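Contents: one structure, followed by commentary.
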Amino acid sequence: MNVIAINGSPRRTGNTATFLHKALEGAASVGADTECIDLYSLNYKGCISCFYCKRKDKEHGTCIVKDDLTPVLEKVKQADAVLFGSPIYFMNITSGMQAFLERLFFSLYIYSREIPSVLGKKLPSAFLYTMNATEEQAREFHLQDSLTPFETFAATILGTAPRKFYAFNTLQFNDYSKYESSIFSEADKKAYHEKHFAEELQQAYELGKQLVLEGSSASY
Ligand SMILES: Cc1cc2nc3c(=O)[nH]c(=O)nc-3n(C[C@H](O)[C@H](O)[C@H](O)COP(=O)(O)O)c2cc1C
């Protein structure tokens, strides 16, 4: 059992990475081999629309673009479960995560009446999001609607609906006094963190465990 986490944050030790590593800890606690890949340490770009992956005379499911993402795409396809972690940037996943998902999903997606995906198995997945917004703000601005497209394609292409995890009201800086951040109350943020962080970490841990259990029962 192999679980891969994809960190779509440029911060390798930020909020997203912290929750992803906790989820991987949960996965490891029930026997999974785990790995976290930091997208922002790689050089790659999004889909270039060459359609090689859909050519009838080629093997479907392979992205022909050769860059740092090539081995990562292969690893994800071989994995038993995958976690996609991203901070929310302007109400969406980061451009790095978006470019990665374009390459992963489009190379597996097929314009066929018979099957939507050439993956050939169910790959349990989870989207893990971290954001400044409070839960109430996320609801007020319909954040979940802007996240729906990639989640929907994940369900179609990976063969099973992704799990979802949200960490709201994250701490962006260690020391708020060093930055112009008067729209936030540092005290409120720290109080929220104090109250909820441990519980959120535990939820991420459980998410990792659940993915492994789902991965063990996923059928080809
Ligand atoms: C360019 C940029 C855009 C952002 N846009 C949003 C946003 O639209 N909504 C939000 O709630 N937080 C937004 N944030 C805050 C981050 O989502 C939040 O701090 C996140 O937890 C950072 O994760 P990290 O520590 O893993 O990098 C933005 C941050 C940056 C740098």
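As the structure lists them, so they are numbered: ligands from 1, and atoms in each ligand from 1. Reckoned from all heavy atoms, side chains included, excluding hydrogens, waters and symmetry mates. A quick note: this is a predicted structure, and the numbers were derived from the prediction, not measured.
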Got the residues with a heavy atom under 4.0 Å of ligand 1, by chain and number?
Ser9, Arg11, Gly14, Asn15, Thr16, Pro87, Ile88, Tyr89, Phe90, Met91, Thr130, Met131, Asn132, Ala133, Thr170, Gln172
Please test Asn2 against Asp33 for side-chain hydrogen bond (donor to acceptor under 3.5 Å, both in side chains), starting from the C-alpha separation and ending with a verdict.
CA-CA 5 Å; Asn2 191 6; Asp33 294 325; over 6 Å; no
Return yes if a side-chain donor-acceptor contact under 3.5 Å exists between Asn7 and Ser9, otherwise no.
no
Assess the pair Phe84 and Phe127: is the distance between their ring centroids shorter than 6.0 Å?
yes
Quick check: are there more than 12 heavy atoms from other residues, nucleotides or ligands sitting under 6.0 Å from CD of Glu194?
no
Validation: residues 157-169 side-chain donor-acceptor distances under 3.5 Å, sequence neighbours left out:
from	atom 1	to	atom 2	distance (Å)
Thr160	OG1	Glu214	OE2	3.3
Arg163	NE	Glu214	OE1	2.8
Arg163	NH2	Glu214	OE1	3.2
Asn169	OD1	Lys189	NZ	3.0

Does either side chain, that of Gln210 or that of Glu206, offer a donor lying less than 3.5 Å from an acceptor on the other one?
no
